[in-house]
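For ligands, and for the atoms within them, numbers begin at 1 and follow the listed sequence. This chain uses plain numbering: 1 for the first residue, then up along the sequence.
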Amino acid sequence: MSKTYKIAVIPGDGTGPEVVREGLKALKAVSKISGFQYDLKQFDYGAERYLKTKEVLPDSALEEFKKFDAIYLGAVGDPRVKPGILEQGLLLKLRFGLHQYINLRPVKLYPGVWTPLRDKKPEDIDFVVVRENNEGLYVGEGEFIKKGTKEEVALQVSRNTRRGVERCIRYAFEFTRKRNKKKKLTLCGKTNVLTYAWDLWERTFNEAAKDYPEITTDYAHVDAVCMWMVKKPEWFDVLVTDNMFGDIITDLGAMIQGGMGIAAGGNINPGGVSMFEPIGGSAPKYTGKNVINPLAAICALEMMLRQLGEDKAAQSVENSVMYVTGKKLKSLSAGKMGYSTSEVGGLVTENLR
Ligand code: IPM
Ligand code: MN
């Protein structure tokens, strides 16, 4: 008897529910092909619920999520809610509360997808960013001094712990080994200016590297990484970096792989429950129009299947996505795909093998 996966679904805000629906359609189809079982439980956390109850995510929800094998998230963010409330109260609370200390973001140009990088082909753009997801500038530590006066100072602390940095770096080494492509891991930092944080990162990186002699290591400052991501993305295999730099370079990564219509991410707790999401946000202006691209959510589903150990199913989802980008869609942009949201989901589902 195969295992029944327990999957929590948070469709969330804006176009979240529309794209999650397409992801779940693909899940249903691929589970039949691969022969695994799953149970879904839907949660209504997000803007609507917050506006009604003034509660974003109760602590009891965190406890409940711990009983699942994975969480599938649509999007958070709504123009009616002050920026930061849902992002911090829902997304970051889940990432921190469930100790999802890795944010995994593949940057892969699929066949037929337009990239703003002229002359770059799918074989040139294929790397993964391992972003630390529980520390750095995201910890919310800091203070105002003399707030509201001309002498005001605002401090925002970047917290980097040896434990947090090391588990992230070791995850990145293991990941590079398993990925088995160029076997190259690049540390993306800023050792020339941020001399406390990046000293710790660099020492930890060099020590861990000794345990992975087969992996080529490299270091680049974050500004240079941005430059090389545009000029020579083929240099990268796996990048490891902190929370803030990772946030920034993965949006650049999303653009060179074809945009928010395709970019997905996984918030990973290797020993606990991980959460998978399209990284494009809730795209409020497209809500309910059936025009948004569901491929990012479907790619998030693929990542979830890999994390669950259903590699065959994950691969068949990825193959089908590549078939659809290569042979069917005119563009990845909302409204310009040549198909509706549900039709794109249908194409992926029909072409699963
Ligand atoms: C992301 C997003 C989030 C982040 C926001 C919504 C808090 O930009 O997942 O990259 O900064 O991590
Ligand atoms: Mn971001």
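Counting heavy atoms of neighbouring residues, nucleotides and ligands inside a 6.0 Å radius, atom CZ of Arg306 exceeds 12 of them.
Exactly one residue among Tyr5, Phe43, Tyr38 makes a ring-ring contact (aromatic ring centres under 6.0 Å, His included) with Phe68. That residue is Phe43.
At the top of the distance list for atom 5 (C) of ligand 1, counting protein heavy atoms only, stands Leu91 CD2, 4.3 Å. Closest to atom 10 (O) of ligand 1, if we only count protein heavy atoms, is Asp247 OD1, 2.9 Å.
The shortest separation from a heavy atom of Arg95 to ligand 1 is under 4.0 Å, placing the residue in contact. Every heavy atom of Ile279 sits 4.0 Å or more from the atoms of ligand 1.
Taking 2.8 Å as the criterion, Asp247 counts as a coordinating residue of the Mn ion (ligand 2), since one of its N, O or S atoms falls below it.
A donor-acceptor contact closer than 3.5 angstrom is absent between the side chains of Asp242 and Ser158. Between Asn206 and Glu202, the side chains place no donor N or O within less than 3.5 Å of an acceptor N or O (distance only, hydrogens not considered).
A donor-acceptor pair is defined here as one N or O able to donate and one able to accept, closer than 3.5 Å; no such pair exists between the side chain of Glu63 and the backbone of Lys66. With Asp69 contributing its side chain and Lys6 its backbone, the two residues share a donor-acceptor pair below 3.5 Å.
Remark: ligand 1 atoms within the under-4.0 Å shell around heavy atoms of Tyr138 are 4 (C), 11 (O), 12 (O).
Among Arg105, Glu87, Met244, the residue whose heavy atom lies nearest to atom 1 (C) of ligand 1 is Arg105.
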